[in-house]
Amino acid sequence: MRVLVVTAVPVERDAVTRAFGGTPQVLGLPGAELHRSGAFDVLAGGAGPAAAAAAAAFALASAAGSAQGPYGLVVSAGIGGGFAPAAPLGSLVVASDIVAADLGAETPDGFLPVTALGFGRDRFAPPPTLVREVAAATGAAPGPVLTVSTVTGTAARTAALRTAYPGALAEAMEGFGVAEAAERAGVPVLELRAVSNTVGPRDRAAWRIGDALAALTEAFGKTGPVLEGWNRHDH
Ligand SMILES: O=C(O)c1cccc(C(=O)CC[C@H]2O[C@@H](n3cnc4c(=O)[nH]cnc43)[C@H](O)[C@@H]2O)c1
């Protein structure tokens, strides 16, 4: 099965392709490059949900009309912020739910998700069997991963997210955008994050990006065969 992996930035893309060994074939797409390693096409689509959705949608549409055929799975992957103590630095999180945490309306009584406004959606659920298999292969903790357009940087915002989304393990900026594109293409979605920093008051010096990228490479090394071999019709 062909798998599309969407990261935000090129160092994350390269951390993923490193897991597969060799030198990926580089293919041009409108607005992006696909790095192909066997069954995996890996794309650095840009930071944030809009860039991620646009990049994923282009790649999905291009594949649908290609000789190789459509993708069977889309993965949003990269580094992310972890909620302490459940998701420590260097650990892995696989999303049980991909949640749009700041898509909605602010009111004097608090935040309302778009669904409470009567339109749109605010979460996607990856296939539970796949989440379990990836968790078992990599040691990733399964749980909700939030998609935010602004990296959390204060104690107050951290507390608000914890209250609104109890049990959330991590936040990142692309998962929900990738999931929207995958949904429209009728392809299952997964999100896998390696924790580079703790969600909380901004402390850029404490980010451990190198460790998280290394964990991402190790995770794809372990879970590559699971992703490639997974067939939603078997579950
Ligand atoms: O500054 C660097 O050297 C550097 C190297 C690799 C990646 C980055 C990024 O900033 C990646 C941006 C990407 O990371 C996700 N991310 C990471 N931590 C958080 C967070 O606490 N809250 C939200 N997103 C986070 C996010 O998906 C970004 O697109 C820098």
Side-chain angles (χ1 to χ4, degrees), residues 4-19 31-33 35 42-56 74-95 97-103 122-124 126 140-141 143-162 164-165 167-182 189-220:
L4 175 65
V5 182
V6 182
T7 70
V9 295
V11 288
E12 295 172 309
R13 176 197 64 206
D14 296 343
V16 174
T17 57
R18 206 171 294 128
E33 267 178 8
H35 287 217
V42 191
L43 172 65
V74 187
V75 184
S76 173
I79 63 174
F83 285 92
L89 296 181
S91 70
L92 296 163
V93 173
V94 58
D97 300 272
I98 298 172
V99 183
D102 53 16
L103 185 64
D122 60 3
R123 66 180 60 218
F124 291 92
V145 175
L146 310 183
T147 300
V148 294
S149 289
T150 303
V151 175
T152 299
T154 65
R157 180 65 183 149
T158 307
L161 288 173
R162 284 184 187 280
Y165 304 105
L169 292 182
E171 69 166 38
M173 303 175 79
E174 293 79 29
F176 191 80
V178 174
E180 281 280 13
V189 69
L190 188 79
E191 182 171 7
L192 183 59
R193 294 281 164 185
V195 175
S196 54
N197 58 283
T198 299
V199 178
R202 183 162 176 81
D203 180 7
R204 186 63 177 74
W207 285 38
R208 294 289 173 264
I209 290 172
D211 292 348
L213 293 173
L216 194 62
T217 301
E218 195 178 337
F220 271 88

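Both counts, for ligands and for their atoms, begin at 1 and track the order of listing. FYI, the numbering just counts along the sequence from 1. Given the structure is predicted, the values throughout are model-derived calculations rather than measurements.
Annotation: salt bridge (charged side-chain N to carboxylate O under 4.0 Å, His left out) contacts of E12 (sequence neighbours excluded): none. With sequence neighbours left out, E174 forms a salt bridge (charged side-chain N to carboxylate O under 4.0 Å, His left out) with R193.
The residue from L103, V99, V189 that alone fulfils the side chain to side chain contact (heavy atoms under 4.5 Å, CB included) condition with F176 is L103.
Taking 4.5 Å as the limit, some side-chain heavy atom of P126 sits within range of a side-chain heavy atom of I98. Side-chain contact between F124 and E180: present, with at least one pair of heavy atoms (C-beta onward) separated by less than 4.5 Å.
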Return all side-chain donor-acceptor pairs below 3.5 angstrom for residues 200-216, not counting sequence neighbours, or 'none' if the list is empty.
unit_1	atom_1	unit_2	atom_2	d
R208	NH1	A205	O	3.2

Using a cut-off of under 3.5 Å, which N/O atoms of ligand 1 pair up with protein N/O atoms, and what distance separates each pair?
unit_1	atom_1	unit_2	atom_2	d
ligand 1	1 (O)	R204	NH2	2.4
ligand 1	18 (N)	G81	N	3.4
ligand 1	18 (N)	N197	OD1	2.8
ligand 1	21 (O)	N197	ND2	2.7
ligand 1	22 (N)	E171	OE2	2.6
ligand 1	27 (O)	M173	N	3.1
ligand 1	27 (O)	E174	OE1	2.6
ligand 1	27 (O)	E174	OE2	3.4
ligand 1	27 (O)	R193	NH1	3.4
ligand 1	29 (O)	E174	OE1	3.4
ligand 1	29 (O)	E174	OE2	2.5

